[in-house]
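Here the structure is laid out as structure tokens; the discussion comes afterwards.
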Amino acid sequence: MSTPSDFARPHVPDLHAYTPGTQPTDGSWIKLNTNECPYPPSPHVAAAIAREVGAEGSSLRLYPSPTSAPLRTQIAKLHGLTPAQVIVGNGSDDILNLLVRVFGGPTAPAGFTLPSYSLYPVLVAIQDGATAVIEFDRSMRLPVDRIAASGAKAFFLTSPNAPTGVGFSNAEISRVLNAFDGILVVDEAYAPFAEEDAIPLLAAHRNLVIVRTLSKAHALAGMRVGYALADPETIGLLDRVRDSYNVNRLSQVAAAAALADTPYYDAIIGKIKRTRDNWATEWAERDWFVYRSSANFLFVEPRNAAGEAGADVAAALFAWFKSRKILVRAFPSHALTASFLRISVGTDDEMLAVEEAIQAWLTNAP
Ligand code: PMP
């Protein structure tokens, strides 16, 4: 990095942009790199957006509800909570940013695990924040005692974990909540694909914040809607730091229409889980290590034709996929993840294309 000019010297030293997964602009890729939903959103979503826009777009003249009030009420009802326990954001990234702004800083360490969602350290660095990092070992067992003793003011736990897909039970999360005196943020981006979610724990634990997104199971990554569920006092603090109109008018109605169509989403989530489990079994039978996934992606450690696994093997398969216009995600920077690839669960046709590419790699790759 070049030395900044005097006029452009930020007051925090460590500004690094988050690097999102590649988003190709032409539609010719099989895109399994950012855990989007392979199916479209509920048909009610497009209808609700069209209705909101109106014939000449006249509604767009007006600001949206600053608090996303109708959506908060609907989300509260959906989860058996009160609207005061809900805040809506411009994607869950917005919510995570609010949490770090309120609870993180130079004297308030923000904790997270490695591996987990790599946006957390970026957000913490923007606040010149201290960090408390807890590393998983390959077993991916939740290090309850180490989290409790981390000294973090807020600890971010991705459950199900990304990028491994490993889910943590409410029994384990309760143990953390009981032993930890900071705020525990459970990032449940992938919880709709899991066996269990932590919402029932909210009633007994004022230090629990649950973060959700509509980008994954609800097929609305393009609309940018996420939310948090927490104690009203915590929600009140987050409301103080959010943008005045942080969720646009069309996203608010799109999210409302999606969340109202439970039967549609139950069906596609069920389909994604079946596809996930079938391919997990298939690839494990090939003697590839595959973490048991509670999410909409599989974290697999490929072996080449000689039976070898490792960072080079994962990189070679990544490149092979790319040469066939299949995008998956690699995590070369961490020892535990470097030998793996994360493959989002796609349609049956997309998954067959992945499998065909693997077979061709095993027979043809040098
Ligand atoms: N949390 C986790 C664990 C994620 O993987 C993602 C998506 N990359 C997000 C939060 C953010 O999702 P969004 O901002 O689209 O709601």
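Note that ligands are numbered from 1 as they come in the structure, with each ligand's atoms numbered from 1 the same way. All values derive from a computational prediction rather than experimental measurement. Only this structure's heavy atoms are used, side chains among them; waters, hydrogens and symmetry mates stay out.
- Counting heavy atoms of neighbouring residues, nucleotides and ligands inside a 6.0 Å radius, atom CD of E195 exceeds 12 of them.
- Distances between N or O atoms of T213 and those of ligand 1 include at least one value under 3.5 Å.
- Distances from atom 8 (N) of ligand 1 to the heavy atoms of M223, H218, K216 show the closest one on K216.
- Under a 4.0 Å criterion applied to the non-hydrogen atoms of T158, ligand 1 contributes the atoms 3 (C).
- Smallest separation of non-hydrogen atoms from A314 and P302: CA-CG, 4.1 Å.
- In this structure, R342 satisfies the cation-pi test against F297, with its NZ or CZ atom closer than 6.0 Å to the six-membered ring centre and inside 45 degrees of the ring normal.
- Nearest protein heavy-atom neighbour of atom 12 (O) of ligand 1: S92 OG, 3.2 Å.
- Distances below 4.0 Å separate heavy atoms of D93 from the following atoms of ligand 1: 9 (C), 11 (C), 14 (O).
- Per-residue contacts place S215 under 4.0 angstrom from the following atoms of ligand 1 (heavy atoms of the residue considered): 13 (P), 15 (O), 16 (O).
- Heavy atoms from other residues, nucleotides or ligands lying under 6.0 Å from CZ of R249 number more than 12.
- In this structure a side-chain-to-backbone donor-acceptor pair under 3.5 Å is missing from N90 to D94.
- In summary, the atoms of ligand 1 found under 4.0 Å from a heavy atom of R224, numbered by their order in the structure, are 13 (P), 14 (O), 15 (O).
- Seen from the ring of F340, R329 does not count as a face-on cation partner, given the 6.0 Å and 45° thresholds.
- Those atoms of ligand 1 with a heavy atom of G91 less than 4.0 angstrom away are 14 (O), 16 (O).
- Only the side chain of A189 comes within contact range of ligand 1, with a heavy atom under 4.0 Å; no backbone atom does.
- The nearest protein atom to atom 1 (N) of ligand 1, hydrogens excluded, is given as D187 OD2, 2.7 Å; this is a heavy-atom distance.
- Annotation for S344 and N33: closest pair OG-N, 3.7 Å, computed over non-hydrogen atoms.
- Of the protein's non-hydrogen atoms, Y117 CZ, 3.6 Å is the one closest to atom 6 (C) of ligand 1.
- Side-chain contact annotation: N35 with Y190, donor-acceptor N/O pair under 3.5 Å present.
- Among protein heavy atoms, the minimum distance from atom 4 (C) of ligand 1 is reached at Y190 OH, 3.7 Å.
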